[in-house]
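Reviewing the structure listed below.
Letters go in sequence order (proteins before strands), and every chain restarts at 1. The figures here come from the full heavy-atom set of this structure, side chains too, leaving out hydrogens, waters and symmetry mates. As the structure is a computational prediction, the values presented were derived from the model and not from experiment.
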Protein chains: 2
Amino acid sequence: MEDRGTFDNLPHKTIARLSQYRRALLLCLSRGKSHIFSHEIASIQHITPVQVRRDLMLIGYSGTLRKGYNIKELINLIGNIIDSEEGIKVAIVGMGNLGRALINYFSGKRHKLSIIAGFDTNPDKIGNTMNGVPCYSATRMREIIEKEGIQIAIITVPAENASQTANELVAAGIKGLLNYTPKPIDVPEYVYLEEYDMITTLEKVAFYVKMKTLEEEDITTI
Amino acid sequence: MEDRGTFDNLPHKTIARLSQYRRALLLCLSRGKSHIFSHEIASIQHITPVQVRRDLMLIGYSGTLRKGYNIKELINLIGNIIDSEEGIKVAIVGMGNLGRALINYFSGKRHKLSIIAGFDTNPDKIGNTMNGVPCYSATRMREIIEKEGIQIAIITVPAENASQTANELVAAGIKGLLNYTPKPIDVPEYVYLEEYDMITTLEKVAFYVKMKTLEEEDITTI
DNA sequence: AAATAATTGTTAATAAAATAACATTGTTAT
DNA sequence: ATAACAATGTTATTTTATTAACAATTATTT
């Protein structure tokens, strides 16, 4: 019996934080640090040291007392947990501003996770390469996804095309979808779906700014 | 005693969902619907009807039995809660692909929340207008923010400039920050900060795709 | 007119996440 | 050598968020 199933009940939030810890660790490593304390990681991520230690406990990693955690070891362990051994291929569907932003942002950052194809319907874009990522015609989506074994797609098409695009991707055998359009999409339960809406995020910021402003007014008018 | 303080202890998740409910409601309204059931909202957002009803209970809104919720009323109520009466002005700092994507994405969507300025250091961009949003030199950030009363900034600069940009924005009197760079930033407690990292999100999707794949293997090898 | 079904609103229960508490253990200082 | 300190690792507690349960009510069907 292998040990790989050990991590299948990690809290969702822990998964997200592990990714962030790794990013912080890679940065520290590149600056020549070899060890790091929980409170250092915590302060980078604006969380508490206890949270960090608890997460590391959950993945079974132990540091050294008064010396902290070995950065290289921890990076490797996090990689074993969240990365896929063979690597996962990703496609961007919709090579507009957001699609291109994601490619630039991502290129070469994670070798186990690489964007290898972009799709668009605009003939001016098809055939070009952006940051090493070729742009194909959206009509060839299924073909390329199957041929290349692409497992994840990021949807950055105009909102009105979101659900049709999603359907095509599911039909092409995609395993995970990340939807950046403001239009919620439906997928079968065997496809992992994550949706992110920038308007909601901005409205949330606006709400808390409003609340802070109201609080201040209350204080000054007492 | 006014009633506006009533909503200052709504759960964070409820705030985010209210924004999403409103979006769904606006869509339904534009299609000529006048009322909607909790399960309809729920299915658009991939959540449960109970969750919807509970959120609406928290904001004190009542529907009609067997008829559902009045869409217009609910849109107005959500607006009263999350929007700021006078409106809030937003700036985009960094007019690269992501900055431009946000502007296109957002333009004219919410009249109480509008992006009215962009900043960049690239002379080719300064002086241009994108989707009605003028791009100013980053050196004028403080001046414009103060003059226009901009309260929220979205940071879409290259990661290496993130923290300096944040410091300048805080010094300029910004109240809320939305950081889209992969570099966590520090702000004083009186500034509301929200950070979003696309790599983390994608890695999370990759993790769950990996888990699903492993599960399937387990099943087929029993 | 009675029974059934559909829906809301609310309380109660459960689950998930975060935080606190604290025992343990090396390290440094006295 | 001892005391004080600074860190980890883990259990317990609290808080936050979600889900379940169900009473109440109205519309629809028989």
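- Not a single side chain to side chain donor-acceptor pair (under 3.5 Å) links A:Tyr69 to another residue, sequence neighbours left out.
- Listed by first and then second residue, the salt bridge (Lys or Arg N to Asp or Glu O under 4.0 Å) pairs that reach into residues 75-91 of chain B are B:Arg22-B:Asp83, B:Lys89-B:Glu148, sequence neighbours excluded.
- In this entry the distance linking NE2 of B:His39 with P of C:dT8 reads 6 Å, nearest Å.
- For residues 11-28 of chain B, proximity to DNA chain C is found at no residue, defined as any non-hydrogen atom under 4.0 angstrom from a strand atom.
- Residues from residues 183-210 of chain B placing a heavy atom under 4.0 Å of any atom in DNA chain C do not occur.
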Donor-acceptor list for residues 157-166 of chain A side chains, cut-off 3.5 Å, not counting sequence neighbours:
from	atom 1	to	atom 2	distance (Å)
A:Gln164	NE2	A:Glu168	OE2	2.5
A:Thr165	OG1	A:Asn161	O	2.8

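- Taking all atoms of both residues into account, the shortest heavy-atom contact from A:Val93 to A:Ala153 is CG2-CB, 4.3 Å.
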Set out, line by line, the N/O atom pairs under 3.5 Å between protein and nucleotides 11-13 of chain D.
none

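- Note that CG of B:Leu26 and NZ of B:Lys109 are 11.5 Å apart. Values are rounded to the nearest 0.5 Å.
- Here C:dT8 presents its C1' atom at 10 Å from CZ of B:Phe37, a figure rounded to the nearest Å.
- Residue pairs meeting the salt bridge (Lys or Arg N to Asp or Glu O under 4.0 Å) criterion with at least one member in residues 26-46 of chain B, sequence neighbours excluded: B:Lys33-B:Glu40.
- The distance from atom CG of A:Asn9 to atom C1' of C:dA16 is 13 Å, rounded to the nearest whole Å.
- The side-chain heavy atoms of B:Asn70 and B:Thr64, taken from C-beta on, include no pair separated by under 4.5 Å.
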In B/S/- notation (B base, S sugar-phosphate only, - none; protein heavy atoms under 4.0 Å), nucleotides 24-30 of chain D written 5' to 3' is -BBB---

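- Look at A:Ser62 and you'll find a side-chain N or O under 4.0 angstrom from OP1 or OP2 of D:dG9.
- Counting only heavy atoms from C-beta on, A:Arg53 has its side chain closest to C:dA21 among C:dG9, D:dT19, C:dA21.
- Contacts of A:Asn80 classified as side chain to side chain contact (heavy atoms under 4.5 Å, CB included), with partners at least two apart in sequence or in another chain: none.
- Between the CD atom of A:Gln51 and the C1' atom of C:dA17 there is a distance of 7 Å, rounded to whole Å.
- Ring-plane geometry between A:Tyr180 and A:Tyr196 is classed as perpendicular, the angle between the planes exceeding 60 degrees on a 0 to 90 degree scale with a lower cut at 30.
- The CG atom of B:Leu10 sits 11 Å away from the P atom of D:dA17 (whole-angstrom rounding).
- Atoms NE2 (B:His35) and P (C:dT7) sit 14 Å apart, rounded to a whole Å.
- Atom P of nucleotide C:dT10 and atom CG of B:Leu56 are separated by 11 Å, given to the nearest angstrom.
- Contacts of B:Ala171 classified as side chain to side chain contact (heavy atoms under 4.5 Å, CB included), with partners at least two apart in sequence or in another chain: B:Arg142.
- Residue pairs meeting the ring-ring contact (aromatic ring centres under 6.0 Å, His included) criterion with at least one partner in residues 23-54 of chain A, sequence neighbours excluded, are A:Phe37-A:His39.
- By the 4.5 Å heavy-atom criterion applied to side chains, B:Val187 and B:Ile174 are not counted as neighbours.
- The CG atom of A:Leu58 sits 11 Å away from the P atom of C:dA17 (whole-angstrom rounding).
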Enumerate, atom names and distances included, each donor-acceptor pair closer than 3.5 Å involving a side-chain atom of residues 47-54 of chain A, sequence neighbours excluded.
from	atom 1	to	atom 2	distance (Å)
A:Thr48	OG1	A:Gln51	N	3.2
A:Arg53	NH1	A:Ser38	OG	3.4

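- Put simply, the side chain of B:Val209 does not reach to within 4.5 Å of the side chain of A:Ser84, judged on heavy atoms.
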